[in-house]
Structures are given as C-alpha cells and as structure tokens.
Amino acid sequence: MDRIGVFVGTFNPFTVGHDSIVRRALPLFDRLVIGVVGDHVQKSGLPSAEERVEAIASVYADEPHVIVKPYYGLAVDFAREQGARFIVKGVRSVKDFEYEREQADINRLITNGEIETIFLYAEPQLSSISSTMVRELQHFGVDTSPFCNITKNK
C-alpha cells in the first residue's frame, strides 16, 4: 500500500516556503498530492484554481511523486478521495500552530482518527514568508521574486 500525503492550501501565490514543505515532505511519502483550494473560497483577487494548479504543477513537472489537483470541500474529504491518511501542514509560528492544531484535532474527530495531520515547521530563514505578505508587497510594487521564484532542481 502506498503512503500518500496531501498538502492543501490556497497557494495564492505558491511561495518558496510552500516549496520547502513539499520538498521536505516528499521523503515521507510514496506520493504527495498538492491540493489547491477551489474557487469557492472567498478571497479577493484569487486566481482560478486551474491557474494556480498549472503554476504549481510546472514547478514539479520533473517530480513523478508530486501530483497537483484542485479540490472543493473539506481537506479530509479530499485526502480520502486521494487514498491519503495524512495531511501535511506547514507551521511558521505559534499563531499558525494553534490554528493548525485545532484544525487537526477536528479533522481527527470527524474522521474517527482515519486522517492524521503531520506538521513540518518552517525553516528559520523562511518563517516570515507568507502568501499574504507577498500579496501585500506586490500591491505596493515591491519585487517579490525572491519569495516566489522556485528553482526546479533544488
């Protein structure tokens, strides 16, 4: 039986921090499915799920163990659909940890322990990078390429 994990998020935009979590999670699984939250999420200026899937998939085009798909609904339902027992979450701070811990507890409860959450802490040099921060900098015309340009051959 394959070990399958899912890494879910809005990924607007997909940052070097997200890439770090993907690359560090890969050795834990036979397959890692990146689940891109669908268009129904109420966030202003959200590119379509298809645009975000395409952009992320291009980063991992040479990585056969990574699959990128849009999803709609609960992350645990997406995990089940993918045959995954694990949801991977990146944690940058105590604030992130508390939010993600509560979500993991609820996910465990509503799945009767079928889906487990694995936390990977952000690398220290990436802990201040967030999609929200990137969007805000972009709004003010700041070059955000250091936060979003992901090298395929890391």
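Quick caveat, the model's predicted, so the values are computed rather than measured.
- When the side chain to side chain contact (heavy atoms under 4.5 Å, CB included) test is applied to Ser130, the partners found at least two apart in sequence or on another chain are Arg92, Thr132, Met133.
- For Val8, the side chain to side chain contact (heavy atoms under 4.5 Å, CB included) test picks out Val6, Tyr71, Ala75, Phe78, Ile87, Lys89, with sequence neighbours left out.
- Residue pairs meeting the salt bridge (charged side-chain N to carboxylate O under 4.0 Å, His left out) criterion with at least one member in residues 122-133: none, sequence neighbours excluded.
- The two atoms that bring Ala49 and Pro70 nearest to each other are CB-CB, 4.0 Å, heavy atoms only.
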Report task. Evaluate the salt bridge (Lys or Arg N to Asp or Glu O under 4.0 Å) criterion for residues Arg108 and Glu116: first the C-alpha distance (whole Å), next the side-chain angles of each, then the deciding distance (0.1 Å), finally the verdict. Result -> CA-CA 6 Å; Arg108 194 176 310 105; Glu116 191 64 55; 3.1 Å; yes
Report task. Start with the C-alpha distance between Tyr72 and Asp77, add both sets of side-chain angles, then the distance that settles side chain to side chain donor-acceptor pair (under 3.5 Å), and finish with yes or no. Result -> CA-CA 9 Å; Tyr72 302 85; Asp77 292 336; over 6 Å; no
Query raised in the report: Going through the checks in order, is the side chain to side chain contact (heavy atoms under 4.5 Å, CB included) test met by Ile115 and Phe86?
Result: CA-CA 6 Å; Ile115 306 291; Phe86 302 96; over 6 Å; no
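- Residues satisfying the salt bridge (Lys or Arg N to Asp or Glu O under 4.0 Å) criterion with Glu98, sequence neighbours excluded, are Arg101.
- Atom CD1 of Ile4 and atom NE2 of His65 lie 12.5 Å apart (nearest 0.5 Å).
- Residues meeting the salt bridge (Lys or Arg N to Asp or Glu O under 4.0 Å) test with Glu136, sequence neighbours left out: none.
- For Glu102, there are no side chain to side chain donor-acceptor pair (under 3.5 Å) partners two or more places apart in sequence or in a different chain.
- Under the rule for a side chain to side chain contact (heavy atoms under 4.5 Å, CB included), Ala55 has no partner lying at least two apart in sequence or in another chain.
- Other residues, nucleotides and ligands contribute over 12 non-hydrogen atoms within 6.0 Å of the CZ atom of Arg24.
- Listed here is the closest heavy atom pair of Val88 and Phe29: CG2-CE1, 3.6 Å.
- By the rule that hydrophobic residues join a cluster once side-chain heavy atoms approach within less than 4.5 Å of another member, Leu137 and Phe14 end up as members of one cluster.
- Taking all atoms of both residues into account, the shortest heavy-atom contact from Arg23 to Pro27 is O-CD, 3.4 Å.
- Nearest heavy atoms, Ile67 versus Arg31: CD1-CD, 3.0 Å.
- Among pairs with a residue in residues 2-17, those fulfilling salt bridge (charged side-chain N to carboxylate O under 4.0 Å, His left out) read Arg3-Asp30, at least two apart in sequence or across chains.
- Between the NZ atom in Lys69 and the CD1 atom in Ile56 there is a gap of 14.5 Å [rounded to 0.5 Å].
- Using modelled atom types, one side-chain atom of Arg52 and one backbone atom of Thr10 make a donor-acceptor pair closer than 3.5 Å.
- Qualifying side chain to side chain donor-acceptor pair (under 3.5 Å) partners for Asp143, counting only residues two or more places apart in sequence or in other chains: Ser145.
- Other members of the hydrophobic cluster containing Tyr121, listed by chain and number, are Val91, Phe97, Phe119; membership follows side-chain contacts under 4.5 Å among ILVMFWY residues, whether direct or relayed.
- Residues Leu28 and Val68 are members of one and the same hydrophobic cluster, defined by side-chain heavy-atom contacts under 4.5 angstrom among Ile, Leu, Val, Met, Phe, Trp and Tyr.
- The shortest side-chain heavy-atom distance between Thr117 and Glu100 does not fall under the 4.5 Å cut-off.
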Requested in this report: Starting from the C-alpha separation in whole Å, work towards a yes-or-no answer on ring pair (Phe, Tyr, Trp, His ring centres under 6.0 Å) for Phe11 and His18.
Outcome: CA-CA 8 Å; Phe11 305 124; His18 295 129; 4.8 Å; yes
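- In this structure, the side chain of Thr144 does not engage the main chain of Val134 through any donor-acceptor pair within 3.5 Å.
- A distance of 12.0 Å separates CD in Gln82 from CD1 in Ile34, rounded to the nearest 0.5 Å.
- Summarising the local packing, CD of Glu54 is surrounded by 12 or fewer heavy atoms from other residues, nucleotides or ligands at distances under 6.0 Å.
- Other cluster members for Phe140: none, since no ILVMFWY side-chain heavy atom sits under 4.5 Å from it.
- Of all heavy-atom pairs spanning Ile21 and Leu120, the tightest one is CD1-O, 3.6 Å.
- Not counting sequence neighbours, the partners of Ile106 by the side chain to side chain contact (heavy atoms under 4.5 Å, CB included) test are Leu109, Ile110.
- The closest donor-acceptor contact from the side chain of Ser20 to the backbone of Val16 lies at 3.5 Å or more, if one exists at all.
- In this structure, CG on Leu126 lies 7.5 Å from OG1 on Thr15, to the nearest 0.5 angstrom.
- The heavy-atom pair separating Pro13 from Ser131 by the smallest distance is O-OG, 2.7 Å.
- Looking only at side-chain heavy atoms (C-beta outward), Val22 and Phe7 come within less than 4.5 Å of each other.
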